[in-house]
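Structure first, commentary second.
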2 protein chains.
Amino acid sequence: MTARTYGQYCGLAAALDVLGERWTMLILRELALGPKRYSDLLERLPGIGTNLLAARLKALDAAGVVHRPDAAGYALTPRGEQLRPALDSLARWGWELLPDQPKAGSVRAPWAAMLMRAQMEASGGPGVAAIVDFDVGGERFWLRADAERADLRDGPAPVRADVTARCDLPTFTALATGRTDAREAIRSGALEIEGDRRLLEQLLRRFRLPARTNLSSMPGFPGRMRNL
Amino acid sequence: MTARTYGQYCGLAAALDVLGERWTMLILRELALGPKRYSDLLERLPGIGTNLLAARLKALDAAGVVHRPDAAGYALTPRGEQLRPALDSLARWGWELLPDQPKAGSVRAPWAAMLMRAQMEASGGPGVAAIVDFDVGGERFWLRADAERADLRDGPAPVRADVTARCDLPTFTALATGRTDAREAIRSGALEIEGDRRLLEQLLRRFRLPARTNLSSMPGFPGRMRNL
DNA sequence: CTGCATCCGCCTCGATACTG
DNA sequence: CAGTATCGAGGCGGATGCAG
């Protein structure tokens, strides 16, 4: 009954009173890619439990972070959209914790794409204006970039894209981590392009994630960490 | 035994695997103000419970976020310091959730000061270089500002400050929220200054927090929210 | 079928008591 | 001072039920 709040007059504590419970920020991550229905969220958040998702959505609605534009479907409110810098910042910090090689089934292309978008914005912006339509192993999402900012949504692009890129998930993660580049992937046939090839190459160059210090070599590891 | 992780190859999920449990980010907030001992943390985190604090510190140590420079005392590692932008971002988002009037006992001057520092950095930087020593109701902390960034630590300034400011907590929150300004507070005697008065006035102008939309007037309020 | 609510076992949390 | 041990209450995860 007595909702567990920190009761501190502090911005961080107040934010965590709303966002701090398990799964909450991950729900918002999914909704940041576009509106979704209850069952969409369930399938993208493996392990969450149906009751918990319902409870979180209700709480987020009450907090003014999420709303229901139509009867079936949840979306971020403007207040929820304002969370993006914070989620980006956390994601960039967490990126360095991830192992070099993802465990099978733990990767979703949009998650990597979100990270790359955040990274791009943090390092001076995309630099070019473009709309790119991705198909990564059948998963569709699209990016709208301008000089400083980039926006990422799932689903197919609702407008005509400048470039269309199709590849499988391993290729995409290889592109993301810089283990390969666009030119090479195209040459090997792993990446299929339609439209302005140079635009995509330009973007992917800015898209690259920073190298990670390998955690397994850190003192005190493993503690209670990762099991991807 | 099986530490509850999300198991997603996603920066945000990885960050939350380390930071997502209750109290963790608030511990880091405290350590971001400077190294502290176990009992210092206990007293600044009312309600945390001794076992939980010990467990969190152990986990954060294992994760490479916190370390113990000397036998009794915890501090952020460089990796922990890198969390500042993320904590700042969350704090700025959460600021707008706070009620205009804090409940008695729920305010700590450094929390407001942290928020002001984050706000200052986000809106173009302090603009001036200065070291300011604060004494707010007996609580000491100091700010080192340059054109773009600002650093805030608790305790008295270890170097000679350009300005020394002394006031009580209500005056400080009034300054923070813009309900009063430095000139007025000095004139009324609520704020005592030693040193370069104009420097402080300049800083405090950049220090002001944005106005908040009053939550209580929002649809769906109260849901499960604040009880400060 | 989607969108939950209910129930159940376990784990986390918070409070208190106790120890080196 | 700096934690560990213990225990009740509640949050979480999984399975199942059920209404629209």
Side-chain angles (χ1 to χ4, degrees), chain A residues 1-8 13 16-28 30-31 34-63 66-75 105-106 220 223-225 227, chain B residues 1-8 13 16-28 30-31 35-63 66-75 106 220 223-225 227:
Chain A
M1 191 58 212
T2 61
R4 231 186 275 204
T5 62
Y6 290 111
Q8 300 177 354
L16 292 175
D17 281 342
V18 173
L19 310 171
E21 286 169 308
R22 197 162 161 74
W23 292 108
T24 300
M25 293 203 212
L26 296 188
I27 294 171
L28 297 173
E30 292 305 323
L31 292 179
K36 277 180 192 50
R37 304 198 304 179
Y38 181 86
S39 51
D40 297 331
L41 289 169
L42 261 190
E43 111 186 273
R44 283 148 207 263
L45 298 169
I48 191 178
T50 63
N51 52 349
L52 201 48
L53 177 56
R56 293 289 184 270
L57 287 170
K58 205 172 294 181
L60 287 171
D61 187 356
V66 156
H67 69 132
R68 314 188 57 162
D70 44 87
Y74 295 87
S106 68
R224 36 156 288 116
M225 310 241 1
N227 62 345
Chain B
M1 192 57 215
T2 61
R4 238 193 292 215
T5 63
Y6 291 111
Q8 301 177 353
L16 293 175
D17 281 342
V18 174
L19 310 172
E21 287 169 308
R22 198 163 160 74
W23 292 109
T24 300
M25 293 204 213
L26 296 187
I27 293 170
L28 296 173
E30 291 305 322
L31 292 179
K36 273 173 195 58
R37 303 197 304 178
Y38 182 85
S39 51
D40 296 331
L41 289 169
L42 262 190
E43 111 186 272
R44 283 150 208 261
L45 297 169
I48 191 176
T50 62
N51 53 348
L52 202 47
L53 177 57
R56 293 289 185 268
L57 287 169
K58 206 171 293 180
L60 287 171
D61 188 355
V66 155
H67 70 130
R68 315 190 54 161
D70 46 85
Y74 296 87
S106 67
R224 34 155 291 115
M225 308 237 5
N227 61 345

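This is a predicted model, so every value here is computed, not measured. So you know, we letter chains A, B, ... as the sequences are listed, proteins then strands, and number each from 1.
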note: B:Ile27, atom CD1; C:dG14, atom C1'; distance rounded to Å ~ 14 Å

OP1 or OP2 of C:dG3 under 4.0 Å from side-chain N/O of A:Lys36: no

Quick one: which of D:dT4, D:dG3, C:dG14 gets closest to the side chain of B:Trp23? C:dG14

For C:dT12, does OP1 or OP2 lie under 4.0 Å from any side-chain N or O of B:Arg22? no

Length of the CD-C1' vector between B:Glu43 and D:dA2, whole Å: 14 Å

OP1 or OP2 of C:dC13 under 4.0 Å from side-chain N/O of A:Tyr6: no

Candidates C:dA17, C:dA5, C:dA15 - which lies nearest the side chain of A:Ala54: C:dA5

B:Arg56 side chain N/O closer than 4.0 Å to the phosphate oxygens (OP1, OP2) of C:dC13? yes

Backbone of B:Tyr74 reached by a side-chain donor or acceptor of B:Tyr38 within 3.5 Å: no

Figure out the CG/P separation between B:Leu26 and C:dC13, and round it to whole Å. 13 Å

Find the distance B:Ile48:CD1 to D:dA2:P and express it as a whole number of Å. 15 Å

Separation of A:Leu31 CG from A:Leu26 CG (nearest 0.5 Å): 11.0 Å

Under 4.0 Å: is that the gap between some side-chain N or O of A:Arg4 and OP1 or OP2 of D:dG10? no

The nucleotide from D:dA2, D:dT6, D:dG3 with an atom nearest the side chain of B:Arg37 is D:dA2

Name the closest nucleotide to the A:Ser39 side chain, picking from C:dC7, C:dG3, C:dG14. C:dG3

Whole angstrom value for the distance that separates C1' of D:dG10 from CD of B:Glu21: 16 Å

Take atom CG of B:Leu42 and atom C1' of D:dA2, then tell me their distance rounded to the nearest Å. 9 Å

Distance below 4.0 Å between A:Tyr38 side-chain N/O and C:dC1 OP1 or OP2: no

Side-chain contact check for A:Asn51: nearest option of D:dT4, C:dC11, C:dT6 is C:dT6

